[in-house]
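Worksheet: one structure, shown below.
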Amino acid sequence: MDIKVNVRETDGETNIVELAGEIDVYTSPKVKDALGELIDRGVYNLVIDLEKVRYIDSTGLGVLIGGLKRVREHGGTVNLVCTNPQIKKIFDITGLVKIFGIYDSEDAAMKASV
Amino acid sequence: MDIKVNVRETDGETNIVELAGEIDVYTSPKVKDALGELIDRGVYNLVIDLEKVRYIDSTGLGVLIGGLKRVREHGGTVNLVCTNPQIKKIFDITGLVKIFGIYDSEDAAMKASV
Amino acid sequence: MTANPPERATVESVELRIPRKAEWVAVARLAVAAIASRMRFTIEEIEDVKLAVAEACTNAIQSADGADQIEILCETDDTQLRVTVANRSGSGVAIAPPPLAEDEVRIDGLGVFLIRSLMDDVEYDAGPETGTRLVMIKRLAS
Amino acid sequence: MTANPPERATVESVELRIPRKAEWVAVARLAVAAIASRMRFTIEEIEDVKLAVAEACTNAIQSADGADQIEILCETDDTQLRVTVANRSGSGVAIAPPPLAEDEVRIDGLGVFLIRSLMDDVEYDAGPETGTRLVMIKRLAS
Ligand SMILES: Nc1ncnc2c1ncn2[C@@H]1O[C@H](COP(=O)(O)OP(=O)(O)O)[C@@H](O)[C@H]1O
Ligand SMILES: Nc1ncnc2c1ncn2[C@@H]1O[C@H](COP(=O)(O)OP(=O)(O)O)[C@@H](O)[C@H]1O
């Protein structure tokens, strides 16, 4: 019932944000802060790895959308890594699949990021 | 929140009863019935494998003790397989470690059974 | 003659009250998941109910009506799970939610949209007397 | 001068009511585990609380006092989790448990023994007015 955020720099301009745990009304501010800090530092290309996320609710989606809005102002991108069927379903029914790139692996998301 | 009971016959006189799930006030009657059926059929040497049991309460302990009482009337034995520290702790604090043989593997429990 | 409602199997209820705070929503979520697991729901359906109830709690928290508890009533029978999520406010008056910070995104209706998508039946009523109540039904496949 | 109790951090409460039936104990167990997880308890301590509360519910079920609900009240603060398990009976009169089948083993006191071993503080009161109430405290390591 917590969220872990692990940011990894890569060779290029993209940073990988690995999230682990549950993103809900209680934990999503922590995710928001982590993304905000990166964007403040000028990192506008993000791969957000949701493979270890077991649960996400609308506040979590709101944080991802907020991040996307901010990086887009700088021509940036947010690509997600997600294979969990329940979480993919949430992106499906909310129509967010059309807004985010959603990939099966970090490699695929990284390639799409440049 | 359920219990699965899987009975396996072996070469010798001993039967292995593999339990999986949670043994509580709701599910323990199922375990009791399974043990009762075996004992009614004249199987008095039991190895009960608790490796896949995530939870046991006093009603579960009561069922195991009831089984032991019945097989002992026929010179039988009940040996348990258990390595889960939380469950071992329950057998410890109740003093039941002194009544049951508790082993780290089915092999060890089988050897003790003859 | 009046139309009689169809006969219902015995209803069993579980009631849960949590503080109206974000950190307690996970408790509601897990309790409701445990209840749904006791029924014949699939894992996917259990996840649906879990999320819908969490969204209802989140709404209850984000509304600024001064209630200090959230009440979650789960009524189960052989055919369905019915969950009522209500703010327990003294006054019961639901007022406008607090303004959002500039960088916050309000995707209005995303929570309620999810609830409607994930549950079979949703009723929503807010009144000065009752406070805000969300009633959601998930039916078991027959 | 009277002895003042030590000052306490804010108490937050979660209330749960389940039918007084064996199949609902797992819900109480999981809800209490979720509450304990929100605190600074270790995994072992969470398991302790889970089992203790389940034992208290099992007792409440096996007693024959005609109550139809079990009420579980969890009060948390920075120092401890306090759980009260009570039978919600109309009369509140706790009478003798039903006789056991011949092949049933009653290890009298095993449930209460476990509760006392696993929790830091246990109070038990049964009265014609209050029904049966078990109050258990698990303290956080300071
Ligand atoms: N349980 C509730 N109590 C009070 N107000 C509520 C409740 N649920 C929803 N609302 C109100 O309805 C509005 C719309 O909710 P919703 O569609 O879920 O939007 P959002 O996803 O932005 O929270 C909220 O902003 C809130 O004011
Ligand atoms: N919550 C309760 N409500 C009514 N009676 C209770 C309750 N808890 C315990 N009792 C009574 O106390 C007796 C002893 O309980 P306990 O020590 O747990 O024994 P056991 O492990 O055999 O259930 C029970 O047989 C029951 O009659």
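Quick note on labels: first sequence line is chain A, next is B, and so on, each numbered from 1.
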Worksheet, complete the sentence: OG (Ser58(B)) and CG (Asn59(D)) are apart, to the nearest 0.5 Å, by 7.0 Å
Worksheet item: Which value, rounded to the nearest 0.5 Å, describes the distance between Arg29(D) atom CZ and Asp24(B) atom CG?
Response: 4.0 Å
Discussion item. Go through it in stages, so that I can follow the logic: the residues are Glu23(D) and Val25(B), the test is side chain to side chain contact (heavy atoms under 4.5 Å, CB included), and I'd like the CA-CA distance, side-chain angles, deciding distance and then a yes or no.
Written reply: CA-CA 8 Å; Glu23(D) 59 259 51; Val25(B) 61; over 6 Å; no
Worksheet item: How about residues 42-52 of chain D versus chain B: which residues have heavy atoms under 4.5 Å apart?
Response: Glu44(D), Glu47(D), Asp48(D), Lys50(D), Leu51(D)
Discussion item. If the contact rule is any heavy atom under 4.5 Å from chain D, which residues of residues 85-94 of chain B qualify, in numerical order?
Written reply: Gln86(B), Lys89(B), Ile90(B), Ile93(B), Thr94(B)
Practice prompt. Rounded to the nearest 0.5 Å, what's the gap from OH on Tyr26(B) to CD1 on Ile61(D)? Could you check?
Written response: 11.5 Å
